[in-house]
Amino acid sequence: MFTFSSEQDSVSRRCVWVNGPVIVGAGPSGLAVGACLREQGVPFVVIERSDCIASLWQKRTYDRLKLHLPKKFCQLPKFPFPNHFPEYPTKRQFIEYLELYAKHFDINPQFNECVQSAKYDETCRVWRVKTSSPNGFEVEYISQWLVVATGENAERVVPDIEGLKEFGGEVIHACDYKSGEKYQGKKVVVVGCGNSGMEVSLDLSNHGAQPSIVCRSSVHVLPREIFGKSTFELAMFMMKWVPLWLVDKILLILAWFILGNIENYGLKRPSIGPLELKNKHGKTPVLDIGALEKIRSGKVKVVPGIKKFSCGTVELVTGEKLEIDSVVLATGYCSNVPYWLQESEFFSNNGFPKAQFPNNWKGNSGLYAIGFTRKGLAGASADAINIAQDIGKVYKEDLKQKKQKVPTHRRCISTF
């Protein structure tokens, strides 16, 4: 890695040539591809806008969170979870695992650097990635390869609901929710009935709050385990032998026997099966860990869509009005790629690659994406291996052909 500084403003601006790829994002995806590149002997730089690795997990998750899948489906490449970790590691244990992972592979991100833009320079055939830090320091990284590892959940999604600004009570996104302890005795509306919404509602009820969960659309709810085995693991096993549509049928029959008919509690199932829905639309089924029992008992109330908010009140689409104290928006996350990546051939407007899994990890001109498969950590691990092998081939060929002279494209480097 070479650094070039401006004579006029060397304190606040510099230009860095990176011999390997620039990786944007130090979450599990960025760490995974960094580890695989390290194994290939390829140097790299990881850029992270926060002050820590896995900032989503460390700063934007609730306290009671555990992995919803068994640890063997969540471990990153070339480094298993410690044997003493439980089958479903806690949030703190997963963060500890990621910190051990980064240390093991000597991954040291450039923290507090937010990418402002990334653009491919057609003339020089390099990527130019411009970052800024809170103290006003600016860096331009120049590399032959760019790996986008910011993932599916970079930014919170806040819906535009009529009257929400006039509500007057506390309104937070689920990423800012930590525990239901401070909500004891309060009436809380949780907007969104995915895994986060269900688990936040469960936590609120466990702490003596009175939660209502808004279920505007249909949702699949499956038990986390069937016959003592992970539902996900069982599904993966069946898919080796039977088609996906049949696996969906079997899962729904088993879920009906274990959980009963969820439509009796105001939850409507989608018309297509849980695995097909996940593959086609990226919508993950809810893996129940206790919220459904709270719904059955009436301790968590299921309500339909919201029409509008007013001072201390929410009006539902049915016309019913509820007096409430707080609102938790479990309305999900989105990609932030369109805000900084100046490229439209590989990525679509929604910040996801246009190609479908398993062919959505590689673009043109040295552009790669990891963590956009909608297949969780297992999908990110598969991406990391593919990306590192692909870059490693080119990198090793370049080393073989390397001469004493500087490559021609380096003469195009701007030093401000």
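If you read the sequence from its start, that first residue is 1, and numbering goes on from there. Everything numeric in this text was worked out from a predicted model, so none of it was measured. Just so you know, these numbers use all the heavy atoms, side chains as well, and skip hydrogens, waters and symmetry mates.
Of all the heavy atoms in Thr373 and Gly379, the pair that sits closest is OG1-CA, 3.5 Å. Across every non-hydrogen atom of Lys178 and Lys59, the tightest pair is NZ-O, 2.9 Å. Closest heavy-atom contact between Cys175 and Arg156: SG-CZ, 3.4 Å. Nearest heavy-atom pair, Leu146 versus Ala118, reported as atom, atom and distance to 0.1 Å: CD2-CB, 3.9 Å. Shown here for Glu39 and Lys78, the closest heavy-atom pair between the two residues is CG-CD, 3.2 Å. Nearest heavy atoms, Phe346 versus Ala369: CE2-CB, 3.7 Å.
Between Phe372 and Phe352, the ring planes are perpendicular. Angles over 60° get that label, and only those under 30° would be called parallel.
For residues 27-69, the ring pair (Phe, Tyr, Trp, His ring centres under 6.0 Å) pairs, not counting sequence neighbours, are Trp57-Phe94.
Here CZ of Phe85 is found 8.0 Å from NZ of Lys71. Values are rounded to the nearest 0.5 Å. Note that CD1 of Ile107 and CD1 of Ile53 are 8.5 Å apart. Values are rounded to the nearest 0.5 Å. Separation of atoms OG1 (Thr150) and CD1 (Ile47) is listed at 11.5 Å; rounding is to 0.5 Å. A distance of 10.0 Å separates CD1 in Ile324 from NZ in Lys187, rounded to the nearest 0.5 Å.
Of the possible donor and acceptor atoms, one in the side chain of Lys91 sits under 3.5 Å from a partner among the backbone N and O of Thr61. Looking only at distances, no side-chain donor or acceptor of Lys186 sits under 3.5 Å from a matching main-chain atom of Ser326. Using modelled atom types, one side-chain atom of Glu48 and one backbone atom of Ala26 make a donor-acceptor pair closer than 3.5 Å. Judged by distance alone, the side chain of Asn195 and the main-chain N or O of Leu287 form a donor-acceptor pair under 3.5 Å. In this structure, the side chain of Asp203 does not engage the main chain of Ser179 through any donor-acceptor pair within 3.5 Å.
Note on Arg64 versus Glu199: salt bridge recorded, some NZ/NE/NH1/NH2 to OD/OE distance being below 4.0 Å. For the pair Arg92 and Glu99, the salt-bridge criterion is met [side-chain N within less than 4.0 Å of a carboxylate O].
A cation-pi arrangement is present between Lys375 and Phe357 under the rule of less than 6.0 angstrom and at most 45 degrees off the ring axis.
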Exercise. Between Glu343 and Val148, does a side-chain contact (heavy atoms from CB on, under 4.5 Å) hold up when you go through it step by step?
Worked result: CA-CA 12 Å; Glu343 189 273 346; Val148 178; over 6 Å; no
Problem set entry | side-chain contact (heavy atoms from CB on, under 4.5 Å) assessment of Arg49 paired with Val115 | CA-CA 7 Å; Arg49 65 179 176 178; Val115 175; over 6 Å; no
Exercise. Is there a side-chain contact (heavy atoms from CB on, under 4.5 Å) between Trp127 and Leu367 once you walk through the steps?
Worked result: CA-CA 9 Å; Trp127 285 95; Leu367 178 62; 3.6 Å; yes
For this session: Starting from the C-alpha separation in whole Å, work towards a yes-or-no answer on side-chain hydrogen bond (donor to acceptor under 3.5 Å, both in side chains) for Glu113 and Tyr141.
Result: CA-CA 11 Å; Glu113 290 195 30; Tyr141 294 92; 2.9 Å; yes
Exercise. So Val303 and Val189, side-chain contact (heavy atoms from CB on, under 4.5 Å) or not? Walk me through it.
Worked result: CA-CA 9 Å; Val303 299; Val189 162; 5.8 Å; no
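Side-chain atoms of Lys299 and Ser205 include no donor-acceptor pair closer than 3.5 Å. Using modelled atom types and a 3.5 Å distance limit, the side chains of Trp17 and Asn19 yield a donor-acceptor pair. Remark: the Tyr183 side chain and the Glu170 side chain contain an N/O donor-acceptor pair separated by less than 3.5 Å.
The neighbour count for Lys354 NZ, taken as heavy atoms of other residues, nucleotides or ligands under 6.0 Å away, is above 12. The environment of CD in Glu263 is crowded: more than 12 heavy-atom neighbours from other residues, nucleotides or ligands sit within 6.0 Å. At most 12 heavy atoms of other shown residues, nucleotides or ligands fall within 6.0 angstrom of atom CD in Glu181. Environment of NZ in Lys283: crowded, with over 12 heavy atoms of neighbouring residues, nucleotides or ligands closer than 6.0 Å. For NZ of Lys280, the number of neighbouring non-hydrogen atoms (other residues, nucleotides, ligands) closer than 6.0 Å is 12 at most. Within 6.0 Å of the CG atom in Asn349, the count of heavy atoms belonging to other residues, nucleotides or ligands does not exceed 12.
For the salt bridge (Lys or Arg N to Asp or Glu O under 4.0 Å) test, no residue two or more places apart in sequence or in another chain qualifies with Glu87. Taking Gln75 as the reference, Pro80, Phe81, Tyr97 meet the side-chain contact (heavy atoms from CB on, under 4.5 Å) condition, with sequence neighbours excluded. Partners of Asn135 by side-chain contact (heavy atoms from CB on, under 4.5 Å), not counting sequence neighbours, listed by chain and number: Ser133, Phe137.
When the options Gln116, Arg14, Lys130, Arg13 are evaluated for a side-chain hydrogen bond (donor to acceptor under 3.5 Å, both in side chains) with Glu138, the one that passes is Arg13. Test Val188, Val190, Leu204 against Tyr177 for side chain to side chain contact (heavy atoms under 4.5 Å, CB included) and you get one pass: Leu204.
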Considering only distance and modelled atom types, tabulate donor-acceptor pairs under 3.5 Å from the side chains of residues 211-228, sequence neighbours left out.
{"from": "His220", "atom 1": "ND1", "to": "Arg269", "atom 2": "NH1", "distance (Å)": "3.4"}
{"from": "His220", "atom 1": "NE2", "to": "Ile272", "atom 2": "O", "distance (Å)": "2.6"}
{"from": "Glu225", "atom 1": "OE2", "to": "Tyr88", "atom 2": "OH", "distance (Å)": "3.0"}

In a table with atom names and distances, give each donor-acceptor pair under 3.5 Å that connects a side chain of residues 240-260 to protein atoms at least two apart or in another chain.
{"from": "Asp248", "atom 1": "OD1", "to": "Leu275", "atom 2": "N", "distance (Å)": "2.8"}
{"from": "Asp248", "atom 1": "OD2", "to": "Glu276", "atom 2": "N", "distance (Å)": "3.2"}

